[in-house]
Amino acid sequence: MSWEDKVRRVVPYVPGEQPKQKGIIKLNTNENPYPPAPEVERLLREIDYSALRLYPDTDAGELTKELAAYYGLKPSQIFVGVGSDDVLSMAFLTFFNSEKPILFPDITYSFYDVWADLYRIPYKLCPLDDSFRINPDDYKQENGGIIFPNPNAPTGVLESVDMVEEILRANPEVVVIVDEAYIDFGGESCLPLLSRYENLLVVQTFSKSRSMAGMRIGFAMGNEKLIQCLNDVKFSFNSYTMNLPAQVLGAQAVRDKVYFAETCGKIIKTREWVKEELKKLGFDFPDSKANFIFAAHRHMSGGVIFEALRERGIYVRHWDKPRIGNYLRITIGTKEEMERLLEALAEIVAE
Ligand SMILES: *Cc1c(COP(=O)(O)O)cnc(C)c1O
């Protein structure tokens with residue numbers, strides 16, 4: 001017997017690489033290629049240094065107020081956290097507390113099964129169909145809760161608000177979490193369903209569409225009662241999660257609506273162009289509404305292309321897993337970065 005028998009053992013989530021060398025093209029973690037809004041930079045210089053002596057506002061009042069105004073909700077309907085990973089993990093801990101399994105797709109964000117294991121929540125995978133679509137009927141069995149990203153990751157496939165509503169209608173007795181990390185790249189949010197389904201939690205992040213992955217800001221929107229439950233758990237865990245700069249700069253990023261629309265628009269435009277070019281090079285992919293494309297070549301294996309790109313200093317994401325081993329998840333960078341990627345791919349697939 002030793003202390004080692006008493007440890008909570010987990011197989012951790014593996015994030016994409018953050019290589020240190022300069023000059024590489026980094027298309028592996030869905031970061032935004034554009035900097036945060038210019039007003040955010042100005043405010044960063046103006047933050048009251050001496051205020052860092054104090055604990056930050058536990059309610060993140062200013063940030064919550066800006067988000068509420070932007071999405072047409074009450075501040076009491078917003079919960080903020082240290083990236084949406086923090087928000088999602090709190091939501092797992094708060095809402096998935098049943099003997100029955102929670103449900104999520106077999107191909108999805110690879111943090112969900114990690115949190116389920118960590119918190120000892122039973123879960124059951126619902127396989128996507130051959131076109132990587134969710135079958136809503138899979139979510140009509142007994143369960144302890146439901147979560148899926150929309151658009152899904154790493155496939156980029158967007159499901160309709162009607163499909164989300166079909167799942168909600170069949171599940172009034174559990175919390176349904178829709179992870180909208182990529183919704184700003186052309187998808188239709190299911191936020192309008194909040195007024196009719198008090199068991200719906202919509203989670204979004206500043207990491208992708210708002211160019212602030214390094215600042216760590218995520219948020220959930222839902223019925224006041226759900227948000228209250230989340231806050232009760234959060235305040236039983238760590239009251240001061242949102243640091244002062246994150247609160248101030250996050251609020252400013254929300255105010256900068258024009259820049260937000262502009263950068264999302266540029267990424268969408270680049271994505272649509274890259275789709276056409278990838279097709280010409282012999283790649284197939286499900287249609288993406290995210291800031292990445294999940295593509296497989298008709299003749300060359302995903303692992304081989306992944307390594308060949310890496311040797312050329314271009315990082316994309318590849319999983320050696322059933323059903324998706326041939327696919328590469330390619331983040332949409334700037335036009336110039338994508339031109340370099342496409343040149344490299346043309347060379348590699350011609351070999
Ligand atoms: C990136 C991502 C997140 C987490 O992002 P944060 O940086 O923690 O906000 C959550 N869900 C999905 C599906 C993602 O791709």
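Along the sequence shown, residues carry numbers from 1.
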Would a hydrophobic clustering, with Ile, Leu, Val, Met, Phe, Trp and Tyr connected at side-chain separations under 4.5 Å, put [X] with [Y]?
X	Y	answer
Phe92	Leu200	no
Leu93	Val174	no
Tyr327	Ile330	no
Leu73	Val87	no
Leu193	Val175	no

Would you say that [X] contacts [Y] through its side chain, given a criterion of any heavy-atom pair below 4.5 Å between the two side chains?
X	Y	value
Met338	Trp273	yes
Tyr112	Ile102	no
Leu345	Leu278	yes

#### Entry: Option from Ile293, Asn32, Leu27 for which side-chain contact (heavy atoms from CB on, under 4.5 Å) with Ile332 holds
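It is Ile293; the other options fail the test.
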#### Entry: Partner of Phe148 by side-chain contact (heavy atoms from CB on, under 4.5 Å), out of Leu128, Val164, Leu103
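Between Phe148 and the candidates, side-chain contact (heavy atoms from CB on, under 4.5 Å) is satisfied uniquely by Val164.
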Strictly by modelled atom types, are [X] and [Y] linked by a side-chain donor-acceptor pair under 3.5 Å?
X	Y	answer
Tyr119	Ser89	yes
Asp85	Tyr13	no
Asn143	Asn171	yes

With [X] via side-chain contact (heavy atoms from CB on, under 4.5 Å) - residues at least two apart:
X	value
Ser50	Asp48
Glu159	Arg133, Ile134, Asn150, Val157, Met163
Ser189	Glu180, Ile183, Leu191, Gln204

### Query
Do the side chain of Ser209 and the main chain of Cys264 share a donor and acceptor less than 3.5 angstrom apart?
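Checking the backbone N and O of Cys264 against the side chain of Ser209, no donor-acceptor pair under 3.5 Å is found.
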Got a salt bridge between [X] and [Y], using NZ or NE/NH1/NH2 to carboxylate O under 4.0 Å?
X	Y	result
Glu142	Lys124	no
Lys26	Glu17	no
Asp184	Lys208	no

### Message
For Phe237, I'd like to know if atom CZ has over 12 heavy atoms of other residues, nucleotides or ligands within 6.0 Å.
### Response
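At most 12 heavy atoms, drawn from other residues, nucleotides or ligands, come within 6.0 Å of this atom.
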### Task
Count the heavy atoms of every other residue, nucleotide or ligand shown that sit under 6.0 Å from CZ of Arg340, and state whether that count exceeds 12.
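Result for CZ/Arg340: open.
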### Query
After noting the C-alpha distance and the side-chain angles of Glu41 and Arg45, does the key distance pass the salt bridge (Lys or Arg N to Asp or Glu O under 4.0 Å) rule?
CA-CA 7 Å; Glu41 184 177 3; Arg45 294 170 203 285; 2.6 Å; yes
### Task
May I have the step-by-step check of salt bridge (Lys or Arg N to Asp or Glu O under 4.0 Å) for Arg169 and Glu166, ending in yes or no?
CA-CA 5 Å; Arg169 234 185 283 120; Glu166 184 181 343; over 6 Å; no
### Task
May I ask you to decide if the ring planes of Tyr71 and Phe219 are parallel, tilted or perpendicular, using 30° and 60° as cut-offs?
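Tilted.
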#### Entry: Check against side chain to side chain contact (heavy atoms under 4.5 Å, CB included), Phe294 and Asn152
CA-CA 11 Å; Phe294 196 52; Asn152 197 5; over 6 Å; no
